[in-house]
Engineer: 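Input: one structure, supplied below.
Just follow the structure's listing: the first ligand is 1, and inside any ligand the first atom is 1. The structure presented is a predicted model; accordingly, all values stated were derived computationally and were not measured.
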Amino acid sequence: MIPEQPDLWFLPLGGTGEIGMNLNLYGHDGAWLMVDCGVTFPKPGRIAADGTVHHRGEPPVQMADPAFIADRRDRLAGLVITHAHEDHVGAVPYLWPLLQCPIYTSRFTAEILRRKLAEFDLLHRVPIIEVETGQSKQIGPFSVQWLALTHSIPDPNALMIRTAAGNIFHSGDWKLDEQPLVGHGYSPKTFTDLAEEGVNAMVCDSTNATVSGHSVSEATLHAGLLQAIRSAEGRVVVTCFGSNIARLHTLASIARETGRYMGLLGRSLINMSGAARAAGLWDSADQLINPGHLGYLPRDEVLAVATGSQGEPRTALRRLATGTHPDFELEAGDTVIFSARAIPGNEESIKALVNRLKELGVRVITAEDADLPIHASGHPAQEELELMYKWVKPAIAIPVHGEAEHMETHADIAKATGVPRAMVGRNGDLFMIRPVPGIRRQVVETGRLGWQKEGLVRVE
Ligand SMILES: [Zn+2]
Ligand SMILES: [Zn+2]
């Protein structure tokens with residue numbers, strides 16, 4: 001199966017029909033371009049009384065099987081990573097040895113990627129080309145332009161992929177945030193300009209296609225988090241996704257306003273803040289203290305930010321809940337704030353964690369029961385999808401990054417907004433965009449690989 005000069009194809013191997021492990025291929029003129037290479041985590045199985053999750057022996061880290069493209073890697077022109085979330089970049093250290101192609105990405109994402117590669121002793125083997133937002137790169141027969149959009153991590157990019165056969169707008173993960181607080185914003189003109197040029201297909205995020213309205217801006221969370229932290233008497237621990245640097249910025253300003261010292265607990269938080277600093281995205285006014293000092297401060301001067309919002313084992317918040325964290329112990333009257341949503345499948349382990357905290361006498365505030373918003377989604381709700389379709393005016397809408405229900409609803413929104421055609425499929429389907437649009441179902445065998453005992457195994 002080789003795309004010819006008049007062909008423009010889209011072939012997802014992961015992330016279409018599911019949320020997680022994105023791995024997309026574009027085919028044209030004898031070559032393939034890969035966009036994103038992420039991981040997913042197995043659905044939790046049994047939960048023990050102590051909240052430990054048992055995965056029935058499945059590898060804890062899983063990713064799309066790249067066999068199709070690994071078998072023809074001489075035709076793989078390059079890999080583009082849209083942003084630094086695990087479901088987009090996480091599989092690179094595991095799969096790059098099978099691909100061996102250059103990687104193109106933005107500066108913050110490159111910082112995160114280099115840290116991952118270093119752990120696998122791959123840092124000096126993988127060519128990483130850093131691209132500025134707005135810049136274009138010729139990658140084989142694909143001219144790829146990085147476009148500014150907003151999401152819940154610094155430096156997210158959409159892509160305009162131009163070829164001699166046609167153009168594709170690949171949205172990546174996005175929302176429309178007027179005040180993202182960190183990094184670049186977005187401009188509607190970027191997208192209305194694409195419509196003038198002509199977009200054959202728009203491959204777009206479906207995560208929140210079933211959610212009405214418009215996502216909440218990062219900037220509006222300040223009020224809700226300030227209210228929750230100001231009313232607390234003892235120590236405050238906030239748990240959130242470590243990659244959300246804007247959220248850390250908001251918490252650091254609230255620490256200043258409430259006379260608390262902020263410290264980070266957990267490897268991923270420390271890693272992400274370090275990458276933000278290296279990429280010039282950390283506000284120098286946002287001071288952090290050594291977390292080892294938190295235990296010596298008066299309780300009402302502590303603001304700890306901890307990993308573990310999903311109830312995962314071995315994370316900082318779980319250690320605090322079980323009294324096994326080296327830096328301090330939670331006591332009755334302390335407050336834990338969940339500035340995060342539950343990823344579907346994690347509800348039970350989060351509930352077990354919350355119960356454990358309550359048994360200690362800790363006050364728990366979740367995003368669901370707070371009076372004001374203390375968490376914002378990074379994905380477009382229905383009004384944002386409508387706006388983007390009105391701006392980009394693609395000939396074909398291709399929903400991805402969602403389960404079947406999200407993608408079907410997304411397709412209806414696109415059509416209601418005036419897009420002539422929507423194509424809904426799943427991993428392994430070949431979406432032919434040019435010259436004649438159509439889908440060939442299940443032309444490529446797909447599957448999952450897992451990382452276990454330092455090697456890749458097939459997951460059934
Ligand atoms: Zn994603
Ligand atoms: Zn993302």
Engineer: Take the angle between the ring planes of H401 and H88 and call it parallel below 30°, perpendicular above 60°, tilted in between.
Structural biologist: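 Answer is parallel, since the angle falls under 30°.
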
Engineer: Let me know which of H85, H406, H151 forms a ring pair (Phe, Tyr, Trp, His ring centres under 6.0 Å) with H379.
Structural biologist: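 Of the listed residues H85, H406, H151, the ring pair (Phe, Tyr, Trp, His ring centres under 6.0 Å) partner of H379 is H151.
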
Engineer: Within H83, is some N, O or S atom less than 2.8 Å away from the Zn ion (ligand 2)?
Structural biologist: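 H83 does place an N, O or S atom closer than 2.8 Å to the Zn ion (ligand 2).
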
Engineer: Ring centres under 6.0 Å, that's the criterion: do F68 and W32 meet it?
Structural biologist: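 Ring centroids of F68 and W32 are less than 6.0 Å from each other.
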
Engineer: Is the Zn ion (ligand 1) under 2.8 Å from any N, O or S atom of H401?
Structural biologist: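 Yes, H401 qualifies, because one of its backbone or side-chain N, O or S atoms lies under 2.8 Å.
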
Engineer: Of all N, O or S atoms in H88, which has the smallest distance to the Zn ion (ligand 1)?
Structural biologist: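 Nearest N/O/S atom: NE2.
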
Engineer: Taking the Zn ion (ligand 2) as the reference point, name the nearest N/O/S atom of H151.
Structural biologist: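 Sorting the N, O and S atoms of H151 by distance to the Zn ion (ligand 2) puts NE2 first.
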
Engineer: Which of these, F191, W174, Y389, Y26, sits in a ring pair (Phe, Tyr, Trp, His ring centres under 6.0 Å) with F169?
Structural biologist: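 For F169, the ring pair (Phe, Tyr, Trp, His ring centres under 6.0 Å) check succeeds only for F191.
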
Engineer: Give me the one residue out of I374, V354, I365 that meets side chain to side chain contact (heavy atoms under 4.5 Å, CB included) with F338.
Structural biologist: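 Passing option: V354.
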
Engineer: Does any N, O or S atom in H85 come within less than 2.8 Å of the Zn ion (ligand 2)?
Structural biologist: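 True for H85.
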
Engineer: As a test of reading the structure, name the N/O/S atom of D87 that is nearest the Zn ion (ligand 1).
Structural biologist: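 Within D87, restricted to N, O or S, the Zn ion (ligand 1) is closest to atom OD2.
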
Engineer: Any donor-acceptor pair under 3.5 Å linking the side chain of T40 with the backbone of G20?
Structural biologist: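 No; zero donor-acceptor contacts below 3.5 Å.
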
Engineer: Determine which of the N, O or S atoms in D173 is closest to the Zn ion (ligand 1) and give its atom name.
Structural biologist: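 Atom name of the closest N, O or S in D173: OD2.
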
